[in-house]
Amino acid sequence: MLTPPYPGGGRVVCPQCRWTGEIYLFKRFPLDTAAAESALPEDATCIHHPTKKATAICAGSGDYICSLCAVEVNGETFSAEYLNKAGKAKFGKAFDRYLPRPDSVIYLLAITILIPGVDYVTFPLACVWIPYAFFLYFKALRMRRENDLFRIVMPRYRMVTIPIYLTLIGLAWLGVAIAVLVAVLSRRS
Amino acid sequence: MSEILKTTSVFDRLSFVVMDDSLVRLEHGSTQDRVRKFRFIEIEGILFSRAAPVGRLILCTVFFILPGIAMMLLNSELALVMVGLGLMVVGLCLLVWYSVAGRTTIQIYRANRPTPEKVSGIFRPRKVRRFRENLIAGIQRAQSAAALRDAGTVQAPEVPALDLTPPPIPPV
């Protein structure tokens, strides 16, 4: 048993295996759950807590459930038991949260012109995806203003490097397009 | 206040971000990141450990330093000797970096969760130190605020269920 040095924790050494590290322990807070009302004899009771008054019906299983068991997903109430078993596959994704990354999409598009074989497709189509990439860039800038997490995740240097990359690719595409046009015209004449 | 710690692993790209009231774990994807938020008051323990990244040190020696030495000793042409020297310098730089940074493992234990959230990688020591300081300061601040809030509210006693069973009939 490792005992962290108090207060606040700090470096510890295991007396047996000589493992060293830092341990910080904090106060354990009770879960923040709404207290469920106890049931009176004529009340319907929760199927999982027989002494608690039922306040809802699980939309998945149809059971009476109390406020301890009730979980709201997409405007419907389900019991925690149902979500943990039968509803796991159906609602597992409902609790996932995602952060869109337009800056990563831009990098993904920009990298494709460096991959041999793929560049034959992506470079001629640069006139299509570069405007889209600029649209994503402005979307990223807006997200950076509005979303604290995105501001931390998207490094500041990307704000500068993305338009530079896109401009360079656009100029290269323009140069190649002009060269091809001149070559075709000179051959005709 | 906010601090980000990003793993350098190619296959398991993760970031931990210290926000004002929570620790956010980001699982990076190509177009979006999966966000998992851990409130500071849920966290009941943090463990930091550091070890030498033995695998990387061995790979670095095998692929850079040994071929570099071999090229320098077994060739007489100046160009090949210079290439060998370059390989050896790159290998030595990587070796020093891995030795100084080490492999840091951070485990975050949350209340009522048996398995900890774990992140492991080679980070700059200064970045790890800043991350640790911000994380611990944030948790302490959030937990002291929660303790104050709990102390200010009076918990109502739970009313026991009514016992309606008839009293036992006294023996005649």
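Lettering of chains follows the sequences in order, A, B, ..., and the numbering in each one begins at 1.
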Asker: Taking side chain to side chain donor-acceptor pair (under 3.5 Å) as the definition, give me every residue that meets it alongside B/Gln143, ordered by chain and number, with sequence neighbours left out.
Answerer: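 For B/Gln143 there are no side chain to side chain donor-acceptor pair (under 3.5 Å) partners, ignoring immediate neighbours.
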
Asker: Under a 4.5 Å side-chain heavy-atom rule over Ile, Leu, Val, Met, Phe, Trp and Tyr, are A/Val121 and A/Ile111 clustered together?
Answerer: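 Different hydrophobic clusters.
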
Asker: With side chain to side chain contact (heavy atoms under 4.5 Å, CB included) as the test, would you mind laying out the steps for A/Arg97 and B/Arg36 before giving the verdict?
Answerer: CA-CA 7 Å; A/Arg97 297 286 176 271; B/Arg36 299 189 67 197; over 6 Å; no

Asker: Could you tell me which portion of B/Ser15 (side chain, backbone, both or neither) has an atom closer than 4.5 angstrom to a non-hydrogen atom of chain A?
Answerer: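 Neither; nothing under 4.5 Å.
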
Asker: Decide yes or no on side chain to side chain contact (heavy atoms under 4.5 Å, CB included) for B/Ile136 and A/Phe26, but give the supporting numbers first.
Answerer: CA-CA 9 Å; B/Ile136 289 166; A/Phe26 303 97; 4.3 Å; yes

Asker: Of the non-hydrogen atoms in A/Ser104 and B/Ser30, which two are nearest, and what is the gap between them?
Answerer: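 The answer is CB-O, 3.3 Å.
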
Asker: Identify whether A/Leu108 and A/Trp129 are in the same connected component of the hydrophobic contact network (ILVMFWY, side-chain heavy atoms under 4.5 Å).
Answerer: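 In one cluster: no.
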
Asker: Is A/Leu168 isolated, or which residues cluster with it under the ILVMFWY side-chain rule of less than 4.5 Å, directly or via members?
Answerer: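 A/Val160, A/Ile164, which link up through side-chain heavy atoms under 4.5 Å apart, make up the rest of the cluster.
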
Asker: What is the distance from atom CG of B/Leu26 to atom CZ of A/Arg101, rounded to the nearest 0.5 Å?
Answerer: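 Reported value, rounded in 0.5 Å steps: 7.5 Å.
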
Asker: Can you run down the side-chain hydrogen bond (donor to acceptor under 3.5 Å, both in side chains) pairs that involve residues 114-126 of chain B, sequence neighbours left out, and say none if there aren't any?
Answerer: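 Non-adjacent pairs meeting side-chain hydrogen bond (donor to acceptor under 3.5 Å, both in side chains): B/Arg25-B/Glu117, B/Arg103-B/Ser120, B/Thr105-B/Ser120.
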
Asker: Suppose a student defines contact as a heavy atom less than 4.5 Å from any heavy atom of chain A. Which residues in residues 42-80 of chain B would they list?
Answerer: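 So far as heavy atoms go, B/Ile43, B/Glu44, B/Gly45, B/Ile46, B/Leu47, B/Phe48, B/Ser49 are the residues that approach chain A to under 4.5 Å.
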
Asker: Under the criterion side chain to side chain contact (heavy atoms under 4.5 Å, CB included), I'd like the reasoning laid out for B/Val24 against A/Ile152: C-alpha separation, chi angles, the key distance, then a yes or no.
Answerer: CA-CA 11 Å; B/Val24 177; A/Ile152 299 164; over 6 Å; no

Asker: In Å, rounded to the nearest 0.5 Å, how long is the span from CG of A/Leu99 to OG1 of B/Thr31?
Answerer: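 With rounding to 0.5 Å, CG (A/Leu99) is 11.0 Å from OG1 (B/Thr31).
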
Asker: What about A/Tyr165 and A/Phe138, same hydrophobic cluster or not, with Ile/Leu/Val/Met/Phe/Trp/Tyr joined at side-chain heavy-atom distances under 4.5 Å?
Answerer: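 Shared cluster, yes.
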
Asker: So if you build clusters from Ile, Leu, Val, Met, Phe, Trp, Tyr with side-chain heavy-atom gaps below 4.5 Å, do A/Tyr82 and A/Tyr64 land together?
Answerer: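 Different hydrophobic clusters.
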
Asker: For B/Ile4 and A/Val153, which heavy atoms make the closest approach, and how far apart are they?
Answerer: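 It is CD1-CA, 4.2 Å.
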
Asker: Are B/Met88 and B/Leu95 connected into the same hydrophobic cluster when the rule is that any two of I, L, V, M, F, W, Y join if their side-chain heavy atoms are below 4.5 Å apart?
Answerer: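 Hydrophobic grouping puts B/Leu95 with B/Met88.
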
